Each structure stands twice: as structure tokens, then as C-alpha cells.
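To start, the structure itself, in C-alpha cells.
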Amino acid sequence: MLRRVYMDCDEFKAQNEVQGTGLPFCGDIAVLGESVQMGAKTAPNRLVCQPMEGCDGTADGAPGELTRRRYLRFAEGGAGMIWFEATACCEEGRANPRQLRITENNLDDFKRIVEEIREAGRKKNGYAPLVIMQDTHSGRYSRPKGKPEPIIAYHNPILEDAAPVDSSRILSDEGMDQVRDKLVEAARLAEAAGFDGVDIKCCHGYLNAELLSAYHREGRYGGSLEGRTRLLREAAGGAAKSCGRDFIIAARLNLYDGFPYPWGFGVSEGGGLAFDPKEPAWLLQELEKAGVALVNLTMGNPYYNPHINRPFAVGSYEPEESPLEGAARMLHGAEKMKQAVPGLKVVGSGMSYLGAAAPFVAAGFIRRGGFDFAGFGRQAFAYPDFACSILRNGELQAQKLCVACSKCSELMRGGMTPGCVIRDGFYGELYREYRKNREGAE
């Protein structure tokens, strides 16, 4: 089993055939340079920097200097869309004390960074990327003061086996109503800050995503599919009504949690761990009716089963499947959703593990209508100018690729500011200091 990314395309093609993952490979990648129209907005190409949280904001939630450094590198790197990281809609919903949070008081700081992103793109590449702000509530992963202060939708025994959460931390229906209103208000602020759109985040085990599997929750936010999806649908619909018609309403959505029924979304009762697209397809159809024009599709929970989510190549456990199988599940899942809701623009995730083969796989999916954009997350940390390499040179350089070592995640879990410790000297030094301090403490 391969435990690293594909440094050359021949290696990928051989394993794709051996493992039967059925990923397309197209030698002509010109389609990645095409512009894509979404209402009055135009993405100058089909490459996306995925939302990668930097944990480097100020105490009041404004972007910090490292935030600015990161996004200016992304902008200069040439991607047609930058999916701006998780930005909390309220203080209690922050994932860490340095998570970004947009408010009336720091609105000018967000205006400044959005304009700087656009200007950096224009100056370096001749075009400005679209910038989408991710609007979130961290739910059970809330740590606004640096220690766990979970806010949960229901008790999940898979996640709470080692660390039970007190029932007082279950948010009431009235509390969910307040979160909905705060998500809508953050969307309004995002538009005022100059973002091109807002993503009502519903993925990776955070509050909105956890509700999708709240089969046993009573009240308006649980039980039926309509109830379990209520927060997402009403927040997205509220954002669409509160913002201008040219503002893009988006959602980053978990299609599949990787947990059995009734503790995970995207599986059927009695169906084991197999992905069932029925409920995700219904939800996307309803989101389109509510005014959502763009979706960014993902799977898994990075805190519990990162091989489903990233998928990772190195970690604290050995999955039963290969990383290529995980990437294929995510990409084929996005294609199924595009077929179910062809009117939505779709970002496919899971590209970084494919390494040098990623542009050619992305082109294959896009050419056959599998999705509209190719999203790169950890690759953007390691290789912020990946888009320029693809569009200008027709390939990714092996010596710049993300190696899927998960050290960026290790920094984040350790309470540090994450970045690529292999390709970026600043974060390499930070990681060495982190390990030294940790070993000294042990």
C-alpha cells in the first residue's frame, strides 16, 4: 500500500488500475484554465484554494499578520477562487482563541484583506480571484478560550466514548434559532466586507454538520430529514434574502461522515458504512431552491477519521483502505451530486493526495461533467503557487508537492498556527520549536 502522494503520473496510473478506483486521467488540462460564470461573478479559472484554517487571527477575530502572509501568497499563486477559512459567527462558536470572527468592530480589517487579496492577484497574474468567506459555528469543537467548551446537537457515542459531554451542552431549539440568525448576520457582514460570497459551513463534524445525523434529537432540529437539515437550509435561505442578488451563497457540505447509522450522515439504515447519496442529493436540491449557487463537497471528520476526510497518508492509525480509495470515494461522490443537481456549481475535494496526477484527474472529471472546480487544501499550504504551475507549465513540480505528512494538522492540534513544515521554512522552524517544547514537557 502506498503511504505517500504520487510524485509522478505513471505511478498513479498503475495504482489506479491495480486498485480499480476508476479515476479519469486526461492529458489535456486546458479546461482548468477556463473561466466559470456564477450569476454576475466570474471565476477566472477552475482551480480553488480550499479553506485551510491558520489559527492566526487576533484576539478580537481580525486577520493577523500571518493570515495576511498566507492569503497574499494564495492570491499570487493564481487560483481562480480562494475559499477563505472558517470565520466564526459568534464568540462561543470559535474553535480556538485565534480563529477569525467577523464583527461590526473589525469589519474594516476584513475589507482590507479582501482588497489586498484582489490587488495581489491582479498585480501578479492579471486577474483577481473570487473570495468566498466560510461562515461557521464550531459546535462540539468550540474552544474560544483555549479549552473545550463543546456545544452539541446530540450525544454521539462514537465521538464521546473517551470523553462524554454533559447534557447541559446540548443546544436547545431556541439556541439553534439564535445560531441561524448569527450565521445570517455574518453573511451580511461578509458582503459588507467585499467578499464575493459566503459559505454556510456544514462539514467535518461542526455544529451544522452534526445536525445532519441528529436522527434521535427531538424538536424542530432533529428526527426527520427536514428537521436535521433545518439550520443549514434556513441559514442559507436567510443569507440569500439578506444579501444582494449578485452575492454568491455557497455551502461546504459533508456528503458522508464515515459513521454507521444513526450516528453519521450519508449512510442508510442497515447499510453499514457504504455511502448512500439519497439524502445528500435531496439536501442539495433543497439548497438550490433556497438560493445556493455553489457547493464545495467533502467527507469525514478530521478529528476522528481523517483518512475519510483528507485522506491522509501518515497518521496515528492504519486504515483498512488505501488513501487512493479514500480520494476516489470523495471525487466520485462529488460527481454523483453534480449529476443529481446539475444546476449547482460544484467544487471537488480530495485532490492533494493525488500529487502530480491531480491536474490530469481534475481535468478528466471536469471534461465529463463530474464537477466544475478542483479544490486543493493542504497542497495550497505546501505549494501556494500550484495554480500558476498548472496553468503556465502544464504540471506540478514534484519538489514542491505536499507529501501528506499531516504535520500541519499536528501543529493545529497542538494549539499552534499550522502551515507546511516541509516546504515553508517559517513553519519548519515553528514545528521544531513545538516538538522541542513538547518533548521537554514529556
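In what follows, residues are counted from 1 in the order of the sequence shown. Bear in mind that the values here come from a model prediction, so they are computed numbers and not experimental data.
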Measure across Tyr127 and Ala79 and return the closest heavy-atom pair with its distance rounded to 0.1 Å. CE1-O, 4.3 Å
Taking Leu283 as the fixed residue, which of Leu255, Leu225, Thr229 is the one that meets the side-chain contact (heavy atoms from CB on, under 4.5 Å) rule? Thr229
Identify whether the distance between the nearest side-chain nitrogen and carboxylate oxygen of Glu335 and Lys338 falls below 4.0 Å. no
Could you work out, with ring-ring contact (aromatic ring centres under 6.0 Å, His included) as the rule, every residue matching Tyr304, not counting sequence neighbours? Phe259
Name each donor-acceptor pair under 3.5 Å that joins a side chain in residues 128-137 to protein atoms two or more places apart or in another chain, with its distance.
{"unit_1": "Gln134", "atom_1": "OE1", "unit_2": "Ala86", "atom_2": "N", "d": "3.4"}
{"unit_1": "Gln134", "atom_1": "NE2", "unit_2": "Asp199", "atom_2": "OD2", "d": "2.8"}
{"unit_1": "His137", "atom_1": "ND1", "unit_2": "Gly139", "atom_2": "N", "d": "3.0"}

Partners passing ring-ring contact (aromatic ring centres under 6.0 Å, His included) against Tyr427 (at least two apart in sequence or in another chain): none
Donor-acceptor under 3.5 Å (Glu210 side chain, Leu212 main chain): no
Qualifying side-chain hydrogen bond (donor to acceptor under 3.5 Å, both in side chains) pairs with a residue from residues 159-171, counting only residues at least two apart or across chains: Arg140-Glu160, His155-Glu160, His155-Ser167, Asp166-Ser168
By ring-ring contact (aromatic ring centres under 6.0 Å, His included) - contacts of Phe84 (at least two apart): Tyr71, Phe195
Heavy-atom closest contact (Pro24 atom, Arg368 atom, distance): CB-NH1, 3.8 Å
As a quick check of understanding, evaluate salt bridge (charged side-chain N to carboxylate O under 4.0 Å, His left out) for Lys182 and Glu92, giving each step before the final call. CA-CA 11 Å; Lys182 290 171 182 176; Glu92 64 273 19; 2.8 Å; yes
Stacked cation flag Arg69 on Phe74, 6.0 angstrom / 45 deg: no
I'd like to know if Glu34 pairs up with Arg46 as an ion pair, taking the criterion as any Lys NZ or Arg NE/NH1/NH2 lying under 4.0 Å from an Asp or Glu carboxylate oxygen. yes
Main chain of Arg101, side chain of Asn106: is a donor-acceptor contact present, judged purely on distance under 3.5 Å? yes
Side chain of Asn309, backbone of Met299: donor and acceptor closer than 3.5 Å? yes
Test side-chain contact (heavy atoms from CB on, under 4.5 Å) on Val295 and Leu253 and set out the steps. CA-CA 7 Å; Val295 290; Leu253 175 68; 5.6 Å; no
Quick check: does any side chain N or O of Asn305 sit under 3.5 Å from a backbone N or O of His307, one acting as donor and the other as acceptor? no
Between Ser352 and Gly377, which heavy-atom pair has the shortest distance, and what is it? OG-N, 3.6 Å
Kindly check if the number of other-residue, nucleotide or ligand heavy atoms within 6.0 Å of CD (Glu226) is above 12? yes
Run the salt bridge (charged side-chain N to carboxylate O under 4.0 Å, His left out) test on Glu104 and Arg188 for me, step by step, so that the C-alpha distance in whole Å, both residues' side-chain angles and the decisive distance to 0.1 Å come before the verdict. CA-CA 10 Å; Glu104 290 282 3; Arg188 184 192 68 78; 2.6 Å; yes
Give every residue pair that meets the side-chain hydrogen bond (donor to acceptor under 3.5 Å, both in side chains) criterion with at least one member in residues 262-284, sequence neighbours excluded. Arg228-Glu279
According to side chain to side chain contact (heavy atoms under 4.5 Å, CB included), who are the partners of Asn96, at least two apart in sequence or on a separate chain? Glu53, Cys55, Arg98, Gln99
NZ/NE/NH1/NH2 to OD/OE distance under 4.0 Å, Asp109 and Arg68: no
Minimum heavy-atom distance between Pro97 and Gly146, given as atom pair plus value: CG-N, 3.4 Å
Contacts of Pro306 that satisfy side chain to side chain contact (heavy atoms under 4.5 Å, CB included) - sequence neighbours left out: Arg310, Phe312, Tyr317
Flag if over 12 foreign heavy atoms under 6.0 Å of CD, Gln339: yes
May I ask you to decide whether Arg112 forms a salt bridge with Glu115, counting only side-chain N to carboxylate O separations under 4.0 Å? no
With sequence neighbours excluded, give me every side-chain hydrogen bond (donor to acceptor under 3.5 Å, both in side chains) pair touching residues 235-257. Arg252-Asn296, Arg252-Ser349, Asn254-Asp257
For Ser35, the side chain to side chain contact (heavy atoms under 4.5 Å, CB included) test, sequence neighbours excluded, returns Thr42
Donor-acceptor contact below 3.5 Å, side chain Asn208 vs main chain Leu232: yes
So, for Leu107 and Ala193, which heavy atoms are closest and what is the spacing to 0.1 Å? CD1-CB, 3.7 Å
Can a cation-pi geometry be assigned to Lys345 and Phe373, taking NZ or CZ under 6.0 Å from the six-membered ring centre and within 45° of the ring axis? no
Steps toward salt bridge (charged side-chain N to carboxylate O under 4.0 Å, His left out) verdict (Arg367, Asp28): CA-CA 10 Å; Arg367 284 193 180 279; Asp28 181 0; 3.3 Å; yes
Pairing of Glu286 and Lys289 as salt bridge, 4.0 angstrom limit: yes
Give the intermediate values and the outcome of side chain to side chain donor-acceptor pair (under 3.5 Å) for residues Thr103 and Asn105. CA-CA 5 Å; Thr103 67; Asn105 292 333; 4.8 Å; no
Are the aromatic rings of Tyr215 and Tyr154 close, with centres under 6.0 Å apart? no
Looking at Ser142, is its backbone amide N or carbonyl O close enough to the side chain of Glu149 to form a donor-acceptor pair, meaning the two atoms are under 3.5 Å apart? no
Please report the interatomic distance SG(Cys402) to NZ(Lys407), rounded to the nearest 0.5 Å. 11.0 Å
Is a side-chain donor or acceptor of Ser138 paired with a backbone partner of Gly93 at a separation under 3.5 angstrom? yes
In short, ring-ring contact (aromatic ring centres under 6.0 Å, His included) pairs touching residues 322-348 with sequence neighbours left out are His332-Phe365
Audit row: Phe376, Tyr383, ring-ring contact (aromatic ring centres under 6.0 Å, His included) steps and yes/no: CA-CA 10 Å; Phe376 293 78; Tyr383 195 165; 9.2 Å; no
Hey, are Asp196 and Arg118 close enough for a salt bridge, meaning a charged N less than 4.0 Å from a carboxylate O? yes
Minimum heavy-atom distance between Arg94 and Ala59, given as atom pair plus value: NH1-O, 2.9 Å
According to side chain to side chain contact (heavy atoms under 4.5 Å, CB included), who are the partners of Asp177, at least two apart in sequence or on a separate chain? Arg180, Arg220, Tyr221
Side-chain donor or acceptor of Ser172 paired with backbone N/O of Ile170 under 3.5 Å: no
